[in-house]
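Written below as structure tokens is the structure these notes are about.
A note on names: the letters A, B, ... follow the listed sequences, proteins ahead of strands, and every chain is numbered from 1. Side chains included, hydrogens not; waters and symmetry mates left out as well; all remaining heavy atoms used.
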Amino acid sequence: MSKIKEKALGAAEKKAAYGPDLDLSSFKHKAGKHAYKADLAGIPEAEKAGMADAGMILSGEKRTGSYIQMDHSPVHCSVREEGVEILPTMEALKKYKGLKDYWWKAVDVGADKYTARTELDFHNGYFIRAAKGVKSLFPVQACLYLSEEDISQNVHNIVIVEENAELHIITGCTTAPHLERALHIGVSEFYIKRGATLTFTMIHNWGEEVAVRPRTAVWVEEGGTYLSNYVCMKPARSLQMAPAIRLMGEGAVTRLNTILVARKGSEMDVGGSVHLEAAGTRAEIISRTISTGGNIIARGLLVGYEPGVRAHLECNGLMLAESGNIRAIPELDGRVAGVEMSHEAAVGKISQEEIEYLMARGISEAEATALIVRGFLNVEMEGLPAELKQEIDRVIAESGKSLM
Amino acid sequence: MLRIEDLQVKIGDHEVLKHIDLEIKQGETHILFGPNGSGKTTLLMTVMGYPQYTVTAGNIFFKGEDITNLPLNERAKMGIGMSYQRPPTIHGLKTRQMVEICAREKIDVADLAGKVNFTDFLERDINAGFSGGEIKRSELLQLMAQDPDLLLFDEPESGVDLENIALIGNSISRLLQRDFHVDPEMTQKQKKLARTKMGLIITHTGFILDYVTADRGQVLYDGVMSCKSNPQEIFNCIKKMGYEECVRCSN
């Protein structure tokens, strides 16, 4: 038995550090097959709307490539630009002989039962690689779709951005309109080489009873940049994630933006940690969370190992209902003198003064509230291509309407 | 026309305004003097329609309608606009958007902003980190876009440096149709007749009187309105003798 398998077996029952514990045996591990479509247009109409809401463009226009997986079956995989490679992970493992420098390197297979499960019961995922120096014009889109009731989808994604390359990925995770309960586990290992940039935008649109456990780790080399934008306007029943970013090379930079809403019945435990391990590294974690009755824990952890590193953490929560709960837990961990790290956190309701100020300019209370909420969610996402920014704005505006 | 009749206003249990009568005719601008805590801002906020200011007696009429119980935004729509002293910051809401909201129709925001030297602030969150003078210019820009018929100014000159006081004074004068340089051919009477905008301006320093002509001055002292007269005269009296004396002599 391989060392990885052994470790996975050892962690098969290991509870996660955060989030409610899930009974994995209550989810189905076998799923029906979905037919492969060489052409994106072949995606069934019923599924298209949900995918579009999660940021997918199903004409493939303005996209460098596409990967779509339904339940356990990759149903589409195509590339339009040279120098960018997209494969189902299983194929990439074959082609690159086990991807030994990347497979379970950034994420520890023995971290908890969810990582272990992904190894023991592995349902593909995407492998995306941008070759050295390639600067992709448009984003690659990847969609992980759940359609079968009570299913567990355990994917393992690998992204490699080679030296000085530039890649944008937009991932949409969503569920079929009829689907109520399912589990999505996504292990993602991202490797950003010297001078490379990865912009990773993830839009989640979940069914009401879906449980989600992403396990993401990112390694950033010298001069590399990792920009992450996470938007979840249609919350899951239970979501827990805490991506870990290691800034390993001099001057590496990361910025993590999170925008999410928790409705009544939702448990969202979301955070991120950044380890500033090299000189001149910089990090920013910004989260804007809204509770319309759900419970949110917004975490953030910055760890500084080198003098002169700079990092800032911002957790802001807005409570729109009488029920619900938002806990902001910002943490700073300086391991050496000379680190420059700060945080700010604020949780509260919409200020009456702001509403009245807007009303005094002639708009209704409802309009004023909507504007303030929209402003609250309006995080400056630097480095985002205009097209993606528009996409995010659209998703926020669409789902923002249903908040009021 | 704005007509306030025997108005009494409470904040919580505290009675702030007592038997206030005030009438601002079409085209008139009044200056409101008074020491700190005398109820000047309360009067403005009550006319604007802030619900925390409870009207316990009396009525407010605007354009012939009783607006005493009308909500804030309905009063704004009827043509009442206010310039705030310390407006709140709204994160994520750009000044440009705010001006567009005020205008309620497509306007050239940049062109308007140019008039109060505010073009560079349009992409900034409204009031975020604005200095005293910047707040005033932002408020004026919003009022220019809103173009109300009754303008309420809460200390428009406070916190403004000397360089900007003329800009602000002249902009207020223009909003109130009191910029006399526009048509030198018009007689005073013609100008007065052509004027429709009404103004109520709170001032502490009186600086604003150098730029804005006003028809009448009033002193609000301890929640009671007294001393109706020429604004410059009142101001000189207050400067010389203080509020207490000034109010006593008029009563």
Is the shortest side-chain N to carboxylate O distance from A:E367 to B:R104 below 4.0 Å?
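Salt bridge absent between A:E367 and B:R104.
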
Looking only at the side chains, is there a donor atom on one of B:Q52 and A:E356 sitting less than 3.5 Å from an acceptor on the other?
yes

Should the heavy atoms of other residues, nucleotides or ligands under 6.0 Å from [atom1] of [X] be counted, would the total exceed 12?
X	atom1	result
B:F61	CZ	yes
A:K264	NZ	no
A:E322	CD	no
B:E5	CD	yes
B:K25	NZ	no
B:R96	CZ	yes
B:R137	CZ	yes
A:R327	CZ	no

Nearest 0.5 Å, please: how far is [atom2] in [Y] from [atom1] in [X]?
X	Y	atom1	atom2	answer
B:Q97	A:R374	CD	CZ	7.5 Å
A:N378	B:I90	CG	CD1	13.0 Å
A:S351	B:H91	OG	NE2	10.0 Å
B:M82	A:Y357	CE	OH	10.5 Å
B:N73	A:M359	CG	CE	4.0 Å

Counting heavy-atom pairs under 4.5 Å to chain B, which of A:N316, A:I363, A:V379 comes out on top?
A:I363

Looking at chain B, which one of A:E353, A:R361, A:Q352 has the largest number of heavy-atom pairs inside 4.5 Å, strictly under?
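Looking at each option in turn, the highest pair count goes to A:R361.
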
Between chain A and each of [options], count heavy-atom pairs under 4.5 Å; write down the option with the most.
options	answer
B:P87, B:P148, B:A145	B:P87
B:G92, B:A76, B:C102, B:P88	B:P88
B:M98, B:K94, B:M78	B:M98
B:K77, B:E74, B:R75, B:E139	B:E139

Kindly give the heavy-atom pair with the smallest separation between B:M48 and A:A360, and that separation in Å.
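That closest heavy-atom pairing would be CE-O, 3.8 Å.
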
Would a 4.5 Å heavy-atom cut-off, applied to side chains only, mark A:L371 and B:I101 as touching?
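A side-chain contact under 4.5 Å exists here.
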
Quick one: do B:L93 and A:I372 satisfy side chain to side chain contact (heavy atoms under 4.5 Å, CB included)? Show the steps, please.
CA-CA 7 Å; B:L93 184 71; A:I372 293 166; over 6 Å; no

Under 4.5 Å from a heavy atom of chain A, the part of B:D125 involved
neither

I need the contact set between residues 29-45 of chain B and chain A: heavy-atom distance under 4.5 Å, sorted by residue number.
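So no residue qualifies.
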
